There are 2 protein chains.
Amino acid sequence: MARRGRRPTMVDVARRAGVALRTVSRVVNDDVTVGAELVERVRAAIADLDYRPDERARHLRLGVTGTLGAAVRQLSHVNPVLRAVERAARAAGLMVLAASTEDDEKIERHVVESMCRRRFDGILLEPIGADHGYLVPELAAGLSLVAVDRPVLGLEVDCVLSDNMAGIETAFAHLVAHGHQRIAYIGDDERIYTAQERATAFRACVRAHGGASAHMIHTGPIMPERIQAALESALSGPDAATAIITGNATLSVEVVRRFRDRTDDVAIVGFDDSELATLLRPDLTVVAQDDAAIGDTAITMLRTRIADPSTPVRKVTVPVTLRARGSGETPPKS
Amino acid sequence: MARRGRRPTMVDVARRAGVALRTVSRVVNDDVTVGAELVERVRAAIADLDYRPDERARHLRLGVTGTLGAAVRQLSHVNPVLRAVERAARAAGLMVLAASTEDDEKIERHVVESMCRRRFDGILLEPIGADHGYLVPELAAGLSLVAVDRPVLGLEVDCVLSDNMAGIETAFAHLVAHGHQRIAYIGDDERIYTAQERATAFRACVRAHGGASAHMIHTGPIMPERIQAALESALSGPDAATAIITGNATLSVEVVRRFRDRTDDVAIVGFDDSELATLLRPDLTVVAQDDAAIGDTAITMLRTRIADPSTPVRKVTVPVTLRARGSGETPPKS
DNA sequence: CGGTATCGGGATAACGTTATCTCAATCGGC
DNA sequence: GCCGATTGAGATAACGTTATCCCGATACCG
């Protein structure tokens, strides 16, 4: 059929069907102004040659690519939002192509710029780092971009975030309702936006609750020794914590790992749901993000912006849910 | 600078720099035959206008896109191979764009065909289902494709697989070496290639070992009730199993979940390593795939085929490693 | 000083589509 | 039976690049 090395083009199809190039285009695009007999001839030629339209040329001519880019922190990690994103995009007839930024500013920039040069219709970005200046000219040139999970600091860009503050407040209130007075927080590096927001919310809770203890809040990069030390600090002394809130799924794992062999009756509420939550004893109570809503919202916002770039910038906060499973309902031991 | 709505093109840059279109192209592509002064003028114009080359046009003209597609089962799941793939591709100056097939034959086909129409230089595919006939014309037209994790059944296509058989043999021998005589296997749906291969390997081990018990091997779609029943069957009666091999990471989770509250001293070896493995007590002994090697190999094979499509088809098997962590070293209880 | 390498850079033609314009043929109406 | 409207389909010009060709100017050599 097709000879190896070069794919057939519309010209080849037209020649074979004995029609004009333009007619092939019309058939391919289901233009109704082509006679039934010609349509048949062209279809046959397409099948004979295994013709496949070249989207590069289509997109160049059309101006749009029907493609959205997703620049996420790590493709190899679990990312439930991405599933919702792909679903919603497919329903809209758009293709999502994803790439990792590897939590590296250089790579993020490279990925986003590559997508821009490929003229993707829009980009979903989980922004990292502080300096997103490279985005300015792209946005000025008409790039449609929606930030997910974190905002693009310093730039007026659409974003969809989880309600981190409410999540921490909910967790805190839940523990208080179960009788806890001394609650500790183990969080991630506060240079990360979400970590910073959650830690801040926790501090506000402590203040509002009247309590205050320096050894009750520990944030910083995730390292086993640091977490070990933080737990030691929080759980020792006369005013030891009776409950712990962890700042994200990775920290939940690390903290739970430390508790594996202990029998302390410490209550735990984790931020972010995960597969691990129902593996533990008792099951882990978590504050869960609404992945589906985040993904759907992100795609909706992106499509809106693509359709009308003059749409006012929106910052949407998606509610979180507390899922009580046992670990957060343990009463204080003392 | 750039006026909103239309991105500047080479023509705009050329006009601004007062040079010919071709000269801008030369500067962009670092052609040495351009005088230093002109290079400067062109560079300035590019900066002024925030010019970004349109890769659609470049790719169309060049014939290649410098892009590899990765069609994986689920982007939202953990997929360590993908990280190695992205790394290796980046090192080679190629961009990897990934999309989910959602374990759905229809979607797989749609994704692969979309990548073909976009004229990606090559595709990495985790094939699902049985019928990959749609690939035949694409391959004939020169598509470079490498199957990962599973082969494309019925088609002569490059593939890189884990050594499933050796993995099961290693796990089995490990348990035998620790004194186990009655070993059970809980596996996934045998319509899945890897599940079928692992189950077959297990059956061979049982035969070679002289043992044989129908209630020792249970495969089928992953459903909690089925797994519960399988465990009941394997662990009851006078010839109850003293050790279990699980067929993949998901099954390890499900099985371990059942054991959470029991105190049976059953040894467990899981197929696939995961974050969960070191959360348990004792830590889970696993047969781990070499994700980095799989990813690197896949990219190397794909690049080789792209460079020379007449390269003979290769099927590479990557060794697996047993990671003894405790759960697989438990002696038989009786 | 004339002829020929050498070099820098411009005109023009692809790459494979789609959109605009044009035109021939058919049809209906008075 | 003639004219305007309608329909089907071809010629041609973009889209934004890169590659081929070519030409003018300088440099070098005999």
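So that the names make sense, note that chain A is the first sequence line, chain B the second, and so on, each numbered from 1. This is a predicted model, so every value here is computed, not measured.
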Among the candidates C:dG10, C:dG16, D:dT18, find the nucleotide nearest to the side-chain atoms of A:D54.
C:dG16
Side-chain donor/acceptor of B:R56 to backbone N/O of A:H59, under 3.5 Å
yes
Any salt bridge linking A:R16 with A:D48? Criterion: basic side-chain nitrogen under 4.0 Å from a carboxylate oxygen.
yes
Nearest-nucleotide wise, let me know which of B:A36 and B:R119 is further upstream toward the 5' end of DNA chain C.
B:A36
Whole Å only: how far is the CZ atom of A:R61 from the P atom of C:dC15?
17 Å
Would the number of heavy atoms belonging to other residues, nucleotides or ligands and lying under 6.0 Å from CZ of B:R150 be above 12?
yes
So what does B:V34 touch, heavy atoms closer than 4.0 Å: a base, only the sugar-phosphate, or nothing?
sugar-phosphate
Please work out if A:V11 contacts a base, only the sugar-phosphate, or nothing of the nucleic acid, heavy-atom cut-off 4.0 Å.
nothing
Tell me: CG of A:L38 to C1' of C:dA25, nearest whole Å?
14 Å
Rounded to the Å, how far apart are A:R22 CZ and D:dA11 P?
13 Å
CE of B:M10 versus P of D:dT17: gap in Å, rounded?
5 Å
Considering heavy-atom distances to DNA chain D, does A:E37 or B:P53 have its closest nucleotide positioned more toward the 5' end?
A:E37
Under the criterion side chain to side chain donor-acceptor pair (under 3.5 Å), which of B:K315, B:R305, B:R314 is the partner of B:D158?
B:R305
Integer-rounded Å distance: D:dT17 C1' and A:R56 CZ:
12 Å
At 4.0 Å (heavy atoms only), tell me whether A:S25 reaches a base, stays on the sugar-phosphate, or touches nothing.
base
Without swapping roles, check the side chain of B:S76 against the backbone of B:Q74 for a donor-acceptor pair under 3.5 Å.
no
Proximal nucleotide (of D:dT18, C:dG10, D:dG10) relative to the B:T23 side chain
C:dG10
Between atom CG in B:L60 and atom C1' in D:dT18, what is the gap in whole Å?
10 Å
In whole angstroms, the gap separating C1' of D:dG10 from CZ of A:R41 amounts to 13 Å
Round to the nearest Å and state the distance from A:L21 atom CG to C:dC15 atom C1'.
13 Å
The nucleotide from C:dG16, D:dT18, D:dT17 with an atom nearest the side chain of B:N29 is D:dT18
